[in-house]
Every structure is written in structure tokens, then in C-alpha cells.
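Just below is one structure, and these are the notes that go with it.
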Amino acid sequence: MKQSSHKGAELAGTIELGDLKVNRLGFGAMRLCGDYAWGRPRDRQHVNRVLHRAVELGVNLIDTADSYGPEANELLISQALYPYPSGLVIATKGGLVRPNRGSWVPDGRPDHLRRAIEGSLQRLRLDRIDLYQLHAPDPNVPFTESVGALADMQRLGKIRHIGVSNVTVAQLKVARSITPIVSVQNEYNLRNQISEDVLAACERLGIAFLPWYPLGGKRGLRAQRIKEVASRRGLTHAALSLAWLLAKSPVMLPIPGTRSIDHLEDNVLAAALKLEPEDLDDLG
């Protein structure tokens, strides 16, 4: 196991999102809200410290969504970081609504997406969103209409680049027939690789793949194969899991999230880790 003495996110290398270049280890801000991504945090000053520490560690992509809170997460980011440091990309999403704490309901209607984008611009204090992602296809709305609404807002100068989330290979193809797509955000981790075909498509097309739930939760981190390799190498399970993702594909852009500065710093350690062939074989 080789590890640099520098521990910044830039050690993960870079990836392009259209004409933007970011370090290949980002930060998912969802957990900075209350439990289940609902409501505001109890300690806003602590949230500010986490976000500032992420930027200090070289993270220059922060992922959020209007449904986190709902709406509170975007406000937390702008309150902590505005005016934004040069080169920081705020990626947000729309297309899911939260009628209550336990519900995530797709809403891909063009009118809703247009309102969602305007709301995100206001909360993030931006004139244009660098990366706006359709949070999920809506089975009640033609996918072409949802993506088309984002393309319309891009033409109006409200969005710089467009991404899609929770999609199949076929849906990615449809989206790309409407507008350039620079990113895909699907669940992917050591335990769940159901989107392997989508990742492969992103590799062929040179599209960034943002794996959500990159650590696979507590159950994923406790998997026996992770325990064995982490013990052998003297690593935390989280850092090892993230290093595996980074090694898995050059288009992989993990966005782990946490409320803990200690965990944040440990996650960023993954950028400096180079797994040996035996590690990758044992992890599968």
C-alpha cells in the first residue's frame, strides 16, 4: 500500500465535467441536514466547519439537492461558503419532492423542474448552476420531457452542464439524444454493483460517474472482505472502500458525505491510497 504524505483530495486525480475540471473525490452534503435528510441541523456552526474543512482538504465538488431538507441543504452551503472559492463546483439536483420525512416522490414535470431550478439558483445565490442533475426519472412523465426541460433552462443560461441520476443505459442514451450529459449519479459500492453496465457506458463515453451511497452503509463497511483487507493494511473500512471505487474506474467520482470532521478527513485519505493487485483481488 503506497500513500503520499499529502492528504488532499487532489491526489485522487482530476476529471472533466464538460469544460470544468474537478478533483476526483467530492463531498455529498445530504447528511448535513437532520436525520433522513429532513430538516435543519442542530448545530449550524458545526456544519459550517465541516464544509470549510472539505474545501481546505481540496474538495472542489459539493453535491446537494433541493429535496435535502427539503431546501435546507442548499441554504446551508451558501450560508457557509458564499462567496464561493474559485474553482468550487456546486452540483445540485431536482425531480424528487418530500411530502414527509420518509417519502421521496418523483416529479419530473417540466413546470416543476423549471421552478425547482429557479429555487436552487436563489438558495445557492447563483446566476447559473454549474451542474444540474435530474434526480430520478418520473414514471408518470415522459423522460424526454423532463430532460428537455433541463435543456431549455440550459439554453436560457440557468444551467452550465446537465447530469442524470438513477438511470439505466437506455435512459442515458435517450438523455444524450436530447442534450450533452456530463455526469451520471447512480448507487454503486462494494456491495451493490447493479449499475455496472451504466458505469461501463460512462467509461465508453467519457462521462463522470458519481456513485451515491459509496460506502454501502454500516452493513457494507462490515463486510468480511473489507475487514480482512483493512486489517491487513491498517486502514479504516471507509478509506479502503473509497480507494476501491477510485481504482475501479477512471470516470469514478465518489461523493462520500458525513457530519464528522474526523470522518471527512479519513475519507479524503482515500485520495492518496494506491491499492495493490492483491487488495483488489481480495475485494472482488
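The shortest side-chain heavy-atom distance between Pro137 and Val167 falls under the 4.5 Å cut-off. You'll find the side chain of Glu276 stays beyond 4.5 Å of the side chain of Val229, heavy atoms only. At least one side-chain heavy atom of Met252 sits less than 4.5 Å from a side-chain heavy atom of Pro211. Counting heavy atoms from C-beta outward, Leu242 and Pro256 have side chains that approach closer than 4.5 Å. The shortest side-chain heavy-atom distance between Leu283 and Leu275 falls under the 4.5 Å cut-off. For the pair Asn189 and Pro214, the minimum side-chain heavy-atom distance is 4.5 Å or more. Proximity of Phe27 to Asn267: side-chain heavy atoms (C-beta onward) are nowhere separated by under 4.5 Å. Here the side chains of Thr14 and Arg24 are not in contact, with every heavy-atom distance at 4.5 Å or above.
One side chain, Asp63 or Gln185, offers a donor N or O that lies under 3.5 Å from an acceptor on the other. Side-chain atoms of Gln133 and Ser165 form no donor-acceptor pair, as typed in the model, at a separation below 3.5 Å. Remark: the Asp66 side chain and the His135 side chain contain no N/O donor-acceptor pair separated by less than 3.5 Å. Side chains of Asn73 and Thr64: a donor-acceptor N/O pair is present below 3.5 angstrom, by distance only.
Distance check: Thr258 OG1 to Leu264 CG gives 7.0 Å after rounding to the nearest 0.5 Å. Rounding to the nearest 0.5 Å gives a distance of 10.0 Å between CG of Asn186 and CG of Asn192. How far CD1 of Ile90 is from CD1 of Ile62: 4.5 Å, rounded to the nearest 0.5 Å. Note that the CG atom of Leu269 and the OG1 atom of Thr236 stand 7.0 Å from one another [nearest 0.5 Å]. Separating the CE atom in Met153 from the CZ atom in Arg128 is a distance of 13.5 Å, to the nearest 0.5 Å. Atom CZ of Arg49 sits about 10.5 Å away from atom NE2 of His52, to the nearest 0.5 Å.
The two residues Leu273 and Ala239 come nearest to each other via the heavy atoms CD1-O, 3.9 Å. Across every non-hydrogen atom of Ala208 and Ile15, the tightest pair is CB-CD1, 3.7 Å. Between Arg98 and Ala37, the closest heavy-atom pair is NH1-O, 3.1 Å. Across all non-hydrogen atoms, the minimal contact from Ser120 to Ile129 is CB-CD1, 3.9 Å. Scanning both residues, Gly39 and Ala72, for their nearest heavy atoms gives O-CB, 4.1 Å. Between Leu215 and Ala238, the closest heavy-atom pair is CD2-O, 3.7 Å.
With sequence neighbours excluded, no residue forms a ring-ring contact (aromatic ring centres under 6.0 Å, His included) with Tyr132. Scored by the side-chain contact (heavy atoms from CB on, under 4.5 Å) test, Glu228 finds Gln224 as partners (sequence neighbours excluded). By the side chain to side chain donor-acceptor pair (under 3.5 Å) test, Gln154 pairs with Thr179, sequence neighbours left out.
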For Asp279 and Trp244, run side chain to side chain donor-acceptor pair (under 3.5 Å): C-alpha distance rounded to whole Å, both residues' side-chain angles, the deciding distance at 0.1 Å, then the answer.
-> CA-CA 9 Å; Asp279 302 326; Trp244 176 83; over 6 Å; no
Would you please test Arg232 and Asp282 for salt bridge (charged side-chain N to carboxylate O under 4.0 Å, His left out) and show each step?
-> CA-CA 11 Å; Arg232 183 172 73 224; Asp282 289 346; 2.9 Å; yes
Verdict with reasoning, Ser67 to Val97, per side chain to side chain contact (heavy atoms under 4.5 Å, CB included) = CA-CA 6 Å; Ser67 56; Val97 295; over 6 Å; no
Checking side chain to side chain contact (heavy atoms under 4.5 Å, CB included) for the pair Leu57/Glu265: CA distance, chi angles, key distance, verdict?
-> CA-CA 8 Å; Leu57 291 168; Glu265 293 175 345; 3.9 Å; yes
Going through the checks in order, is the side chain to side chain donor-acceptor pair (under 3.5 Å) test met by Thr92 and Glu74?
-> CA-CA 8 Å; Thr92 192; Glu74 293 173 325; 2.6 Å; yes
Between Ile162 and Leu134, is a side chain to side chain contact (heavy atoms under 4.5 Å, CB included) present by the stated rule, with each step listed?
-> CA-CA 8 Å; Ile162 295 173; Leu134 179 64; over 6 Å; no
Please report the C-alpha distance between Val59 and Asn23 in whole Å, then the side-chain angles of each, then the deciding distance to 0.1 Å, and finally whether the side chain to side chain contact (heavy atoms under 4.5 Å, CB included) criterion is met.
-> CA-CA 7 Å; Val59 170; Asn23 294 328; over 6 Å; no
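Contact check on Asp138 versus Arg109 returns no salt bridge, with no Lys/Arg side-chain nitrogen under 4.0 Å from an Asp/Glu carboxylate oxygen. In this structure, Asp19 pairs ionically with Arg160, as a charged nitrogen and a carboxylate oxygen lie closer than 4.0 Å. Under the 4.0 Å criterion applied to side-chain N and carboxylate O atoms, Glu278 and Arg233 are assigned as salt-bridge partners. Between Glu56 and Arg53, at least one side-chain nitrogen of the basic residue sits less than 4.0 Å from a carboxylate oxygen of the acidic one, meeting the salt-bridge criterion. Comment: Arg225 does not engage Asp281 in a salt bridge, judged by the lack of any side-chain N to carboxylate O separation of less than 4.0 angstrom.
In this structure, Leu246 is not a member of the same hydrophobic cluster as Phe209, with clusters built from ILVMFWY side-chain heavy atoms closer than 4.5 Å. In the hydrophobic clustering of this structure, Val169 groups with Ile207; members are Ile, Leu, Val, Met, Phe, Trp, Tyr whose side-chain heavy atoms approach within less than 4.5 Å, directly or through other members. When hydrophobic clusters are built by joining Ile, Leu, Val, Met, Phe, Trp and Tyr residues whose side-chain heavy atoms come closer than 4.5 Å, directly or via intermediates, Val105 is not grouped with Phe143. Cluster annotation: Tyr68 is not connected to Leu210 through the hydrophobic network of ILVMFWY side chains, with a link wherever side-chain heavy atoms come within less than 4.5 Å. Linking Ile, Leu, Val, Met, Phe, Trp and Tyr whenever their side-chain heavy atoms come within less than 4.5 Å leaves Leu96 and Trp212 in two separate clusters.
Side-chain atoms of Glu145 do not come within 3.5 Å of backbone N or O of Pro142 as any donor-acceptor pair. Of the possible polar contacts, none joining the Ser195 side chain to the Val198 backbone as a donor-acceptor pair under 3.5 Å is found. Checked by atom type and distance alone, the side chain of Ser103 never pairs as donor or acceptor with a backbone atom of Pro99 at under 3.5 Å. Between the side chain of Arg101 and the backbone N or O of Tyr36, no donor-acceptor pair lies under 3.5 Å.
Screening Leu124, Leu61, Val89 for a side-chain contact (heavy atoms from CB on, under 4.5 Å) involving Asp130 leaves a single residue, Val89. Here the rule is side-chain contact (heavy atoms from CB on, under 4.5 Å) with Leu75, and of Gln122, Arg44, Arg123 only Arg123 fits it.
Heavy-atom contacts from other residues, nucleotides or ligands closer than 6.0 Å to OH of Tyr84 number more than 12. Other residues, nucleotides and ligands place more than 12 heavy atoms under 6.0 Å from the NE2 atom of His112. Around atom NZ of Lys248, more than 12 heavy atoms belonging to other residues, nucleotides or ligands sit under 6.0 Å away.
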